[in-house]
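Below is one structure, written out as structure tokens, with a few remarks after it.
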There are 2 protein chains.
Amino acid sequence: MMVAPATALGIDLLLFAQSAEDSGAQITHHVVGDYTDLEALKKFAEECDVVTFEHELVPLSVIKGLEATGVKVYPPSSAFIYSQDKAQMREKLSSFPSPTWKVVTSTADIDRYPLIAKAISGGYDGRGVWKINSQDELGEVLKTTPQLLIEELISFDTEISVMVARSPHGQATSWTPTETVQEDGICTMTISPAQSISAELAEKAQKIALDIAQEVGVIGVMAVEMFVKGEHLYINELAMRPHNSGHWTIDGAVTSQFEQHLRAILDLPLGDPSMTADFAVMGNILGGEKSDMYRPYLHLMARNPDLKFHHYKKEVRAGRKIGHVTAVGSDLLQLTTDVQHARDYMSGVIDE
Amino acid sequence: MMVAPATALGIDLLLFAQSAEDSGAQITHHVVGDYTDLEALKKFAEECDVVTFEHELVPLSVIKGLEATGVKVYPPSSAFIYSQDKAQMREKLSSFPSPTWKVVTSTADIDRYPLIAKAISGGYDGRGVWKINSQDELGEVLKTTPQLLIEELISFDTEISVMVARSPHGQATSWTPTETVQEDGICTMTISPAQSISAELAEKAQKIALDIAQEVGVIGVMAVEMFVKGEHLYINELAMRPHNSGHWTIDGAVTSQFEQHLRAILDLPLGDPSMTADFAVMGNILGGEKSDMYRPYLHLMARNPDLKFHHYKKEVRAGRKIGHVTAVGSDLLQLTTDVQHARDYMSGVIDE
């Protein structure tokens, strides 16, 4: 999804991919290699003006190694640490509203259950996060993950994500807070603007996200995921790259998160983040029983000519995110109905 | 500009390019060859489900040769002839409002001047079109172009373009009529919806364009360029491919002409052509004295965060279309001012 804005802005992309079959590799110039291999990355970086990421898995030591040779990496390791290491993030953002937390290696003195436990690094899409109901359960998880960040379980009303962008000289923008609808730890749908928060809380959430961006020194886009309980916000997670909760911006904002990320890391003036319609609803399409998406496409295109499809060119596997759809407009009920229908239809929940 | 919607829809593109340096070749899988070489095209077509065009220069005999081997070519030669051969187009569309016309090989009996003369095929971007003021001038042009289509010179109030799309089973859509602002035979800016025509005339223009689409049997998108004089319309030219007068649709319509062309030629249900804002203004950027566009980019991005840039990755040469910019919104005067400023700035008319 970075290819479209890169092309429009006249920016050349070179992808460092794990395999030539990667969805990104199929549509852009690429080099194949192991992202933990510093020498391979140095060679790759020789052809680049700026290097950036699309996931959190590149080891910090490798990023620092690149930076040490003079490669411009955005976001820099000094910021990226806070998206890779959840405990350091909690420490850094202690002045921001957050759940109470603690790093533990044993169950000793932990007596308030249920709680949330997280692997300090490496988790994504719900992995490496557990809801723990008892000391015994905590003990079990510690066997496989000896160091855990445990957090107060917030019985939130809703989850939101605020995406922001920040450039090297400090210019920053924020998109409207977005509600992320979750099922089993995976986001199924997003609604923008988030409907269940007041205007004051929405403004507060954006300000918090922009302050965090400055605090951690991110360059590029960042998603700040938050819990909402009444009029209170709690920082949940940070992701310093284009994020699922920002996909709606492709069709629903003047400047998409992908375009903004490019502008930010290249120190170009940031684009307008305003919405282009009253509402934008995005639905994640997970692979279901069907491996052939053609007939569902035909059905949905005919039913909803205004639905925008985003196909990830990934092999269809059950439960795997294979794409997303977005609908924008003025009738939120209609949009959510259409997107939910599309989700159900594409995953085979509704049979033909 | 086809790459973005193709990627989003999960469609693979293979480009038959004249050179690996072609702007399209830089961003998509391609084969290099001569588009007049039927054997080369047959080989290329073996890897394609559908073949289409982005210009009118592929010889009809070559297209027919491809079709004869069973290759699905859209638009088909039976329709494409009417965009390649202006005389056949006039004959075919004789029931539609048009300037009076005649094919001539001499100046004999031509006594009404000034008139418009056109090479019957091969012209584009103002080439192969002459305004002829006298019999002597006509004689001069006939020396180099022995067969000419001559047409009544319409002293029009404005020029518009109506873009439509048509699929193999006859589904068709139309975008709003667009005013094409011309200078020296080249379009500098487009305004959508066209402001200087009444609602009735706009509706009539769209109906005419859709009827023409059906009459010629086009599959894919088509631009129907018309002159407007009072409440009268006159068909000027047809182009059966994504057209300059439809570039605004990328940022200003739910479905862009590029996405719609793909849907149409693949017989997918057509997308919604509605506008996403009240107005869309597009400006063509021509190369000027500057060869380095970087500083102008910075200036314009900072001045207008809502301006959308489309860079063609072409070497900057004076007078050459190197890209376009689009602004959409509710204040037409502001949009046209911003786009004109961008045009002037990028071409060096305004110095830094």
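Reminder, nothing fancy here: chain letters follow the sequence lines and each chain counts from 1.
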Can you tell me how far apart [atom1] ([X]) and [atom2] ([Y]) are? Round to the nearest 0.5 Å.
X: B:His311; Y: A:Thr7; atom1: NE2; atom2: OG1; answer: 11.0 Å
X: A:Ile11; Y: B:Phe309; atom1: CD1; atom2: CZ; answer: 11.5 Å
X: B:His29; Y: A:Gln26; atom1: NE2; atom2: CD; answer: 7.0 Å

Check whether [X] gets within reach of chain B through its side chain, its backbone, both or neither, counting any heavy atom under 4.5 Å.
X: A:Ala277; result: neither
X: A:Arg303; result: neither
X: A:Glu259; result: side chain
X: A:Val3; result: side chain

Considering non-hydrogen atoms only, spot the tightest contact between [X] and [Y] and give its length.
X: A:Ala4; Y: B:Ala4; answer: CB-CB, 3.5 Å
X: B:Lys313; Y: A:Gly10; answer: NZ-O, 4.2 Å
X: A:Tyr294; Y: B:Leu268; answer: CE1-CD2, 4.1 Å
X: A:Leu270; Y: B:Pro305; answer: O-CB, 3.8 Å
X: A:Met301; Y: B:Leu9; answer: CE-CD2, 3.6 Å

(message) Applying the side chain to side chain contact (heavy atoms under 4.5 Å, CB included) criterion to B:Asp272, which one of A:Asp306, A:Leu307, A:Asn304 satisfies it?
(response) A:Asp306
(request) Quick one: which of B:Val328, B:Leu298, B:Ile250 has the most heavy-atom pairs under 4.5 Å with chain A, could you say? (result) B:Leu298
(message) Are there over 12 heavy-atom neighbours, none belonging to A:Glu54, within less than 6.0 Å of that residue's CD?
(response) no
(message) Please check if the number of heavy atoms outside A:Asp278 that lie under 6.0 Å from its CG is greater than 12.
(response) yes
(message) Is B:His324 in contact with chain A via its backbone, its side chain, both, or neither, using a 4.5 Å heavy-atom distance?
(response) neither
(request) Give a yes or no on whether the backbone of A:Val254 and the side-chain of B:Lys308 come within a donor-acceptor separation of less than 3.5 Å. (result) yes
(request) Considering only heavy atoms and a distance below 4.5 Å, find which of A:Asp267, A:Thr276, A:Thr255 pairs most often with chain B. (result) A:Thr255
